[in-house]
Amino acid sequence: MSEYNYRWRNRQLREHVSVIDGQKTPSMVLENATYLNVYLKKWVKANIWIHEDRIVYVGDKMPDTISSECIIDCESNYLVPGYIEPHAHPFQLYNPHSLAQYASQSGTTVFINDNLMYLYLMNKKKAFSLMDELDQLPVSLYWWARFDSQSSLQDDEAFVKNADILSWLNHDNVIQGGELTSWPSLLHGDDRMLHWIQEAKRLRKPVEGHFPGASVETLTRMKLLGADSDHEAITGEEVYRRLLLGYRVALRQSSIRPDLRNLLKELKDYDLQSYDNLMMTTDGSSPAFYEGGIMNKCIEIAIEEGVPEIEAYSMATYNAAKHFGIDHLVGSIGPGRIAHINFLAAKDNPNPVSVLAKGKWIKFEEEVKQKDLSINLEKYGLTPLQFNWDLEDTDFRFFVPVGLEMYNDVIMKPFTITDGLQKNEISKDNDDSFLILIDRNGEWRIATLLRKFTKSLGGLVSSYSNTGDITLIGKCKSDIRLAFERMKELGGGIVIADQGKIVFELPLQLAGMLSNEKMETLIQKQKKLSQIVKEHGYGFEDPIYTLLFLSSVHLPYIRITPKGIIDVKKKEVLFPSIMR
């Protein structure tokens, strides 16, 4: 049963009312609770009755009969709604299940998730079945409906057909259209995308933009075409510009854009009178960034930067729930809401000592209570990769005269290649390396150079990429080949080889894209990966995002994609990929 429209059947609703009438006993009562009332924007004292997964009463009364073990004395705590991550990409090595289990321990119990990897890795029927199974977790997982592939594929039409976007939009647990990474095509007359936006509006589901650096004129045009929110502001002025035009704005604190603190500092110059249209997001950060939690860390920063406590909590709870139209279910502590509640030791400390999700204890007085609820992801087609092809000598032939130079973790600029393409190794006197993108089925390839990724690393091979194709990077062709062979044996993953030896491996046995490890384990492995590549000259923050976004065409200026080397601004294929 869909959580969004029909979480509770008629029989259950009657049962909830019978609890108030004294005909049934609540499952739990939170006595003497000081809780945040997001509607009044004040702390209120009350007794909170919970029946199974729902809050059924908030007020002064206690039930006529209830056993003492069902009463929790909350005198020493402050209660706030479960935190909401409004813009999650739950496929950054972790998977939606492992991320949700980990995040709930620090109070983030509601996620609005990107569906992009579902579109790449499974058909609609399997994706919807998996979403239904994930609905059984103590957390609440909602989804977006993507309108584009975020890259340039060999067959974009096949992707769109398989995506069946209207079916996604009509799914009850899909509560947003977007994000609109290919918004320039919309401005240039893509009426099919405009139709999808219109459908989202008809269904009363907001549409999220992706407008880095957009001018007032562009933001206005996109508002006219149906955009409701955006998370790409990187200055206080850009946040204010969006608020001025009626956008809901998510302030970002991510592994590649840890901007939240600076945004809040700069917003002080604009004398904001209301925070009601502001949210916060970690924007799908890589695992190690989540050491210590997710939305709790954002609230912590907001309070440190002078945001009033109640506003800081509302930015991570009610504001998001209201934006997505799910405030009848989550985002507040009140009758009828799902029992997502965080218990704090102090009003200014958003790190919960206890967490209740769907009426079940995730953590109680610092002790984790949640059992590992296993989900068999293999039955949805998320199995280890099978390769029926090998690297050939011809794959290491380079003819493209333009390489990709890293400006930061994810932005690439073109440079002219003058030497070194046909050698077996690239000198360690410079920071160039071989870069090859190969179809996961071995049908096509494109090869060039990547500058500023490494000064000395022999070879890194990854099945983790934006399109699921295979990325090969390194100074030494034999090390690249060694890493590739090990990646094949693992059934997908990220493997590093140097000086003829395997020095690191991270298996990604769920379709070569996702790990089935617990987040705690994955965090440590990712930290080790980052340490190795930085020791070899990687000068930026997050190599995981570099691997992911090499083929993403929503970022400037040049990309390596399944179609070939692309000039993003001109949308031109400079050098096409070739068949193997």
Side-chain angles (χ1 to χ4, degrees), residues 1-31 33 35-40 44 46-67 69-72 74 79-84 100 104 109-112 128-129 131-143 170-176 203-206 317-318 320-343 355-362 370 373:
M1 177 181 290
S2 161
E3 177 171 299
Y4 181 75
N5 282 337
Y6 293 103
R7 176 162 183 81
W8 299 284
R9 298 183 185 276
N10 287 0
R11 173 187 56 79
Q12 292 174 297
L13 297 176
R14 297 293 184 190
E15 191 174 280
H16 298 162
V17 174
S18 72
V19 175
I20 307 303
D21 294 337
Q23 298 169 4
K24 288 192 72 70
T25 303
S27 308
M28 181 188 305
V29 172
L30 309 178
E31 189 178 23
Y35 78 98
L36 174 59
N37 187 303
V38 296
Y39 305 103
L40 298 175
V44 177
N47 300 316
I48 300 168
W49 303 7
I50 295 169
H51 189 63
E52 296 177 347
D53 62 349
R54 198 181 195 196
I55 301 170
V56 297
Y57 174 83
V58 179
D60 298 330
K61 295 181 180 180
M62 286 291 287
D64 293 333
T65 58
I66 186 170
S67 60
E69 61 264 26
C70 296
I71 299 175
I72 308 297
C74 300
L79 278 57
V80 296
Y83 306 144
I84 300 174
S104 64
T109 52
V110 183
F111 284 85
I112 290 83
F128 288 176
S129 295
M131 288 160 58
D132 288 342
E133 186 167 356
L134 289 169
D135 231 4
Q136 306 309 308
L137 296 173
V139 293
S140 293
L141 301 179
Y142 303 98
W143 302 88
N170 278 279
H171 192 286
D172 281 340
N173 276 3
V174 173
I175 61 174
Q176 168 177 279
L203 294 164
R204 289 184 167 84
K205 298 180 180 183
T317 57
Y318 179 64
K322 189 174 181 180
H323 170 64
F324 290 108
I326 54 175
D327 49 314
H328 61 298
L329 292 173
V330 298
S332 64
I333 296 174
R337 275 60 180 182
I338 299 171
H340 291 306
I341 301 175
N342 291 333
F343 298 69
V355 177
L356 201 63
K358 291 183 180 175
K360 299 177 182 177
W361 290 113
I362 301 296
Q370 179 190 22
L373 302 175

Taking only residues two or more places apart in sequence or in another chain, which ones pass ring-ring contact (aromatic ring centres under 6.0 Å, His included) with Tyr318? Tyr39

Between Arg337 (side chain only) and Pro335 (backbone N and O only), is there a donor and an acceptor less than 3.5 Å apart? yes

Between the side chain of Trp8 and the main-chain N/O of Arg14, is any donor-acceptor distance below 3.5 Å? no

Measure the shortest side-chain to side-chain distance between Ser140 and Ile338 over non-hydrogen atoms and say whether it is less than 4.5 angstrom. yes

Out of curiosity, Ile112 CD1 to Phe324 CZ, how far, rounded to the nearest 0.5 Å? 4.5 Å

Tell me whether Lys205 contacts the main-chain N or O of Val174 through its side chain, where contact means a donor paired with an acceptor under 3.5 Å. yes

Mind checking whether Ile55 and Ile48 have side chains closer than 4.5 Å, heavy atoms only? yes

Asn173 vs Leu141 side-chain heavy atoms within contact, under 4.5 Å: no

4.5 Å side-chain heavy-atom contact, Ile50 and Leu356: yes

So, for Ser104 and Val355, which heavy atoms are closest and what is the spacing to 0.1 Å? O-CG1, 3.4 Å

Could you go through Ile71 and Ile66, starting from their C-alpha distance and side-chain angles, then the distance that decides it, and tell me whether this counts as side-chain contact (heavy atoms from CB on, under 4.5 Å)? CA-CA 8 Å; Ile71 299 175; Ile66 186 170; 3.8 Å; yes

Restricting to ring-ring contact (aromatic ring centres under 6.0 Å, His included), what partner residues turn up for Phe111, sequence neighbours left out? none

Verify side-chain contact (heavy atoms from CB on, under 4.5 Å) between Asn170 and Leu203, making sure each step is shown before the conclusion. CA-CA 8 Å; Asn170 278 279; Leu203 294 164; 3.6 Å; yes

Under a 4.5 Å cut-off applied to non-hydrogen side-chain atoms, are Thr317 and Tyr83 in contact? yes

Under 3.5 Å: donor-acceptor pair, side chain of Lys358, backbone of Val139: yes

Side-chain contact, heavy-atom cut-off 4.5 Å: Leu36 with Ile333? no

Test ring-ring contact (aromatic ring centres under 6.0 Å, His included) applied to Phe128 - qualifying residues, sequence neighbours left out: Trp168, His171

Measure the shortest side-chain to side-chain distance between Ile326 and Ile175 over non-hydrogen atoms and say whether it is less than 4.5 angstrom. yes

Do Asn47 and Asp60 have side-chain atoms, one donor and one acceptor, less than 3.5 Å apart? no

Taking every heavy atom of Ile362 against every heavy atom of Pro138, the minimum-distance pair comes out as CD1-CB, 3.8 Å

Drop me the distance from His16's NE2 to Arg54's CZ, to the nearest 0.5 angstrom. 5.5 Å

Do you know which two heavy atoms are closest between Trp49 and Pro63, and how far apart they sit? CZ2-N, 3.3 Å

Show which side-chain atoms of residues 20-29 pair as donor or acceptor with protein atoms under 3.5 Å away, not counting sequence neighbours.
residue: Ser27; atom: OG; partner: Glu52; partner atom: N; Å: 2.7

Close side-chain approach of Leu329 and Tyr142, heavy atoms under 4.5 Å: yes

Going by salt bridge (Lys or Arg N to Asp or Glu O under 4.0 Å), name the residues that satisfy it together with Glu31, two or more places apart in sequence or in a different chain. none

On a heavy-atom basis, which atom in Leu79 and which in Ala33 lie closest, and how many Å separate them? CD2-CB, 3.8 Å

Please report the closest heavy-atom contact between Cys74 and Leu30, naming both atoms and the distance. SG-CB, 3.7 Å

Can you say whether the rings of Trp361 and Phe343 are parallel (under 30°), tilted (30 to 60°) or perpendicular (over 60°)? tilted

With sequence neighbours left out, write down each residue that passes salt bridge (Lys or Arg N to Asp or Glu O under 4.0 Å) with Asp53, or none if nothing qualifies. Arg7

Polar side-chain atom of Gln136 near backbone of Glu133 as donor-acceptor pair, under 3.5 Å: no

